[in-house]
Amino acid sequence: MIKTDVLVIGGGPAGLAAAIEAHKNGAKVILIERESRLGGILKQCIHDGFGLVRFEEKLSGPEYAERFIDEFRELHIEALLLTFVTKVQKTESGFVATVVNRDGVMDIEAKSLILATGCRERTAKQVFIHGTRPAGVFTAGTAQHFTNLLGELPTKKCVILGSGDIGLIMARRLTLEGAKVLGVYEVKPTPSGLTRNIHQCLNDFDIPLHLSHTVTRVFGVDRLEGVEVAKVDENMRAIPGTEEYIECDALILSVGLIPENEIAENLGVEIDPKTKGPKCDASLMTSVPGIFSCGNALHVNDLVDYVSESGETAGRSAALFSGKERKMASVIPGDKILYIVPQKLDTLSVGSETVVYFRSKEVYDDSIFRITVDGETVFEKKYAFLRPPEMEKVIVDFSKCGLSENSKISAEIEVTVK
Amino acid sequence: MANILKIQKKLSKRFGDRVKAELDGDIIRLSGSLSDWSEVVEACLMSSEKNSNIHVVNDIEFTGAEIPKMRVPSLSDDELEGKTPDVLVIGGGISGCAIARELSKWNINVMLVEKEADFALQASGRNDGEVHVGVDLSKGSLKQKYVLLGNRMYDKVCEDLDVPFERIGQYACFTQSYLYIPVWLLVQWRRFHDGVTDARVVGRKKMLEDNPTFNKDFKFAMYNGLAGVVCPYGLTIAYAENAAENGVEAYLNTAVLSMDTENGEIKAVHTNRGTIYPKIVVNAAGVFSDDVAEMANDRFYSIHPRRGTNSIQDKKAARLINTIASVQLIGKQTFSKAHTKGGGLIRTVHGNVLAGPDAVETFDKEDISTRPESIKTVYDKQKQTIKEVSERDIITYFTGVRAPTFEEDFVIEWGRRCKNMLHCGGIQSPGLTAAPAFALDIEKMIVDELSKSMKVERNESFNPKRHGVPVLNEMSPEERAKKIAENPDYGVIICRCEEISKGEIIDALERPLCPPTVDAIKKRIRPGMGRCQGGFCSPLVTKIIAEHENIKISDVRKASAESVICFGETKGGALND
């Protein structure tokens, strides 16, 4: 059996950063990647805008990935490519992962495990699109794979449902390839993607964005021939009588991402229903000691820079994992907070620089984000605006507030009424 | 004999002079004009007698909408021109494929044609996969006869054809204690009179012990241990492959368009791929069986298409159920009267949970589109079976169209006005269960008939055993490692949700009769059937097909020739890796 200290599952930006940081902290690391090349989904993200936070440079996805891949190679960290994890079991001394690849089936024993498995896209049926089942219904990531990796055009004239970032990016990409993007339809009254993408991908190309609209039906037996769109009410239900038929050859969906946590769930890791990722402490350790989570498997990020950052945190923590006792206190998000990470704090090892990520539930102008412990404010920050598509990061000092298991830690957004 | 005057009186009372009934030999022929399809169905149903072999033929003009014509493949060639098979089977669903396979035991020339781009693309691929026990049927119908025979054949058939099959039992659950005695009496009747030997009444305690997720309001259930689950399209394809292995010629994308008849006998069958001259024609055309009968001037029954929608839940939901179960609602939907067995909740043979189907009359025989209200109907009902069942776990849904006659029984007999057409029509639930059994009877009918004019001998090389594509993820690590050593492609996982390797995809492409399409691969070995619904693997599968077939990626299809996936290279073209 192959033995290692840290086993990283996933060779995208989170897994690469985690492996590098675990290695730098003295651990023997093996990284498993199911595709033939490292880089994860960045391989197909050929647009720029990656690395602004981290490198203060505008890089393309492959360029951003390459920086980590180069470092990974220079450090001679072991990676098993085209290798798939079929099963992970908890043992007394750690974990045993069973993997398959072209060489056969093998077991890898590790003291700690980093799950950097990314996320998957919500599908047409998960947003209850009805009608026929023709070719031409793609998730934005699948359309991106066809376009950017296989060099094949999946549409000539399409409608995009959902204003998630990949959908916006694909609206621009397909336009540049000569396809006609008839419009982006968003069920919510506000866009789901980053403001900069609304400008750079839609406005700059005169692609209309229809808020509070959805696609209700697809038509076409063999290849998609058209879609029906409709206005929606406050409850996001289609308003009868507002239906409109749009002739097109594809429906591209950018309706949300779901963290991939099948391995975590099988190992009994507690999942946060809000993030759909594991509940973690500040070291990004999950509810199961020795299992760490990072990147989009932890929660869906909008910037890869934060994916790498969480990977580094998980990598460092996994390398230093000793199995010592934890005494946990929960962070309770208020009703204006969509989610907060970490969801728990280990009161026995409270840092002075705890990284906290959060998203607001709705768009709020002039508001204050506040963390209190037993009613005492320990952190406060003013925001001119908070938007759900834009994740916020703050650094909080919890070391001076005498945390215990019984501490009541609350996070809240207060909207200052003018 | 049907009392036509009585029927006309009923019709006149309800529809005035808009519908007429006449007795035409052994047919009750309805004519007239109606604008509402539900009225057309109502008129025909009130004129028909359940399980009767005097059928209602619907000649009522429907003025409410244009009934779409049968969709025909765009392919046009003369590949089949002049062929003279002993038997031509029309339809590549479970009936046609099972019949073709049983006929392949004989040294006769059998040809099967299917208009779709693959087998089991309509009703046989769009049902719930339940192997029924017949507890809802009374003695005297063909359905009842064949469901009992078919159910008992499943272990052997699925073993021979290498198709997964599991007897997981079925609960029909009741919330009303006062129904205990009537249901108990019904169960005794079914067991001792109708031959449904596995029927039992199970008390609340035992039912909830074995099924802790069931609704706690249930008082008792009718239980049948012989109910099972099979992959309906998997079995159909297996029958087709085994038929082909034993010499049957099968052609996809081949539609029967018309026939030439002479003295009540089919002389020629015209298709989009040339004219065929068969001795015997088997009509296993599903929803189109009455149209095919018409081509031979032998339309003595009518099909009234009935849509049903099923939804599939993520495998995670399988913790909720390990059997087949449904609440029994009293009233219109009572188990003995409903036009669907209610299906209910089914743990499928692949470990998902299926919910459905509903039953909605439609005039469009190929309306496979789904509608939100179908999902709602099913979930409103099935949340009464297991409260935790949720639409949120749905990963996909699909609609099939059943092919019932107005008498609601199978039509398995020689033509009444055409000598050499054998009808296998009106096949709807439990058609999947019944098919292995009626295929044997049809085999015998055909062999007897052919023997009158030729010497029919056993096919000495007939091999009933089919070996499907190996399923790597079900193997022990040792077996799996051995297979990977033989072919390293078995170690390259392409579909992460269902854990399907490149080697398995290539194996599937090399099976007999496998069309090189994304859907055909999906149906055979499941890449794209999981929770991401092909989001990750569909480009990879497309590429593997292109490489294997040595065609361009833009020439790979989802299913039919028109189901284009990509339109050609981008400006930059493909990445070279």
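Chain identifiers are assigned alphabetically (A, B, ...) following the order of the sequence lines, protein sequences preceding nucleic acid strands; residue numbering begins at 1 within each chain.
Between F146(A) and K543(B), the closest side-chain pair of non-hydrogen atoms is not below 4.5 Å. With a 4.5 Å cut-off on side-chain heavy atoms, E478(B) and V105(A) do not count as touching. No side-chain heavy atom of C497(B) sits under 4.5 Å from any side-chain heavy atom of R120(A).
Neither side chain, R133(A) nor T370(B), offers a donor N or O lying under 3.5 Å from an acceptor on the other.
Contacts of D249(A) with chain B are made by side-chain atoms alone, with heavy-atom separations under 4.5 Å and no backbone atom involved. Neither the backbone nor the side chain of S374(B) comes within less than 4.5 Å of any heavy atom in chain A. Residue contact with chain B, scored on non-hydrogen atoms closer than 4.5 Å, involves the side chain of F138(A) exclusively. Of the two parts of E260(A), only the side chain, counted from C-beta on, holds a non-hydrogen atom closer than 4.5 Å to a non-hydrogen atom of chain B. Residue K316(B) touches chain A through its side chain alone, counting heavy-atom pairs closer than 4.5 Å. Residue contact with chain A, scored on non-hydrogen atoms closer than 4.5 Å, involves the backbone and the side chain of E391(B) alike. At a 4.5 Å heavy-atom cutoff, the contact between R217(A) and chain B is made by side-chain atoms alone. With a threshold of 4.5 angstrom between heavy atoms, L224(A) does not approach chain B through any atom at all. For a residue to count as touching a neighbouring chain, one of its non-hydrogen atoms must lie under 4.5 Å from one of that chain's; by this rule D489(B) touches chain A with backbone and side chain alike.
The residue among V218(A), I258(A), V100(A) with the most heavy atom pairs within less than 4.5 Å of chain B is V100(A). Ranked by heavy-atom pairs under 4.5 Å with chain A, the first of N473(B), T396(B), L540(B) is T396(B). For the set C537(B), S311(B), S538(B), S369(B), the count of heavy-atom pairs under 4.5 angstrom toward chain A peaks at S369(B). The choice from G136(A), G131(A), A179(A) that makes the most heavy-atom pairs within less than 4.5 Å of chain B is G131(A). Interface summary for chain B: among G220(A), G141(A), A143(A), P134(A), the most heavy-atom pairs under 4.5 angstrom belong to P134(A).
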- [ ] Show the numbers, then the answer: is there a side chain to side chain donor-acceptor pair (under 3.5 Å) between R480(B) and T86(A)?
- [x] CA-CA 12 Å; R480(B) 194 170 186 168; T86(A) 59; 4.7 Å; no
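Put simply, NZ on K125(A) and CD1 on I375(B) are 8.5 Å apart, with the number rounded to the nearest 0.5 Å. Interatomic distance, F536(B) CZ to T139(A) OG1, rounded to the nearest 0.5 Å: 8.0 Å. The OG1 atom of T570(B) sits 6.0 Å away from atom CZ of R173(A), with the distance rounded to the nearest 0.5 Å. Here R102(A) contributes atom CZ and S501(B) contributes atom OG; the two are 10.5 Å apart, rounded to the nearest 0.5 Å. Separating the CZ atom in F84(A) from the SG atom in C495(B) is a distance of 8.0 Å, to the nearest 0.5 Å. Note: I565(B) CD1 to T155(A) OG1 = 13.5 Å, rounded to the nearest 0.5 Å.
Counting all heavy atoms, side chain and backbone alike, Y397(B) lies closest to I129(A) at OH-O, 2.8 Å. The shortest heavy-atom contact between R34(A) and I494(B) is NH1-O, 4.3 Å. Between R531(B) and Q126(A), the shortest heavy-atom distance links the atoms O-NE2, 4.4 Å. Of all the heavy atoms in P372(B) and H130(A), the pair that sits closest is CA-NE2, 3.4 Å.
Within 6.0 Å of CG on N550(B) lie no more than 12 heavy atoms contributed by other residues, nucleotides or ligands. Within 6.0 Å of the CD atom in E247(A), the count of heavy atoms belonging to other residues, nucleotides or ligands does not exceed 12. Within 6.0 Å of the NZ atom in K231(A), the count of heavy atoms belonging to other residues, nucleotides or ligands does not exceed 12. Within a 6.0 Å radius of CD in E486(B), other residues, nucleotides and ligands contribute more than 12 heavy atoms.
Side-chain atoms of R223(A) never come within 3.5 Å of backbone atoms of S563(B) as a donor-acceptor pair (strictly under, hydrogens ignored). In this structure a side-chain-to-backbone donor-acceptor pair under 3.5 Å is present from T142(A) to G535(B). In terms of modelled atom types and a separation under 3.5 Å, the side chain of E177(A) and the main chain of K571(B) share a donor-acceptor contact.
Listed in order of number, the residues of residues 553-561 of chain B that approach chain A to under 4.5 Å between heavy atoms are I553(B), S554(B), K558(B), S560(B).
Partners of D233(A) under the side-chain contact (heavy atoms from CB on, under 4.5 Å) rule, at least two apart in sequence or in another chain, are N235(A), R237(A), I239(A).
By the 4.0 Å N-to-carboxylate-O rule, E262(A) lies too far from R496(B) to be salt-bridged with it. For the pair K552(B) and E152(A), the salt-bridge criterion is not met [side-chain N within less than 4.0 Å of a carboxylate O].
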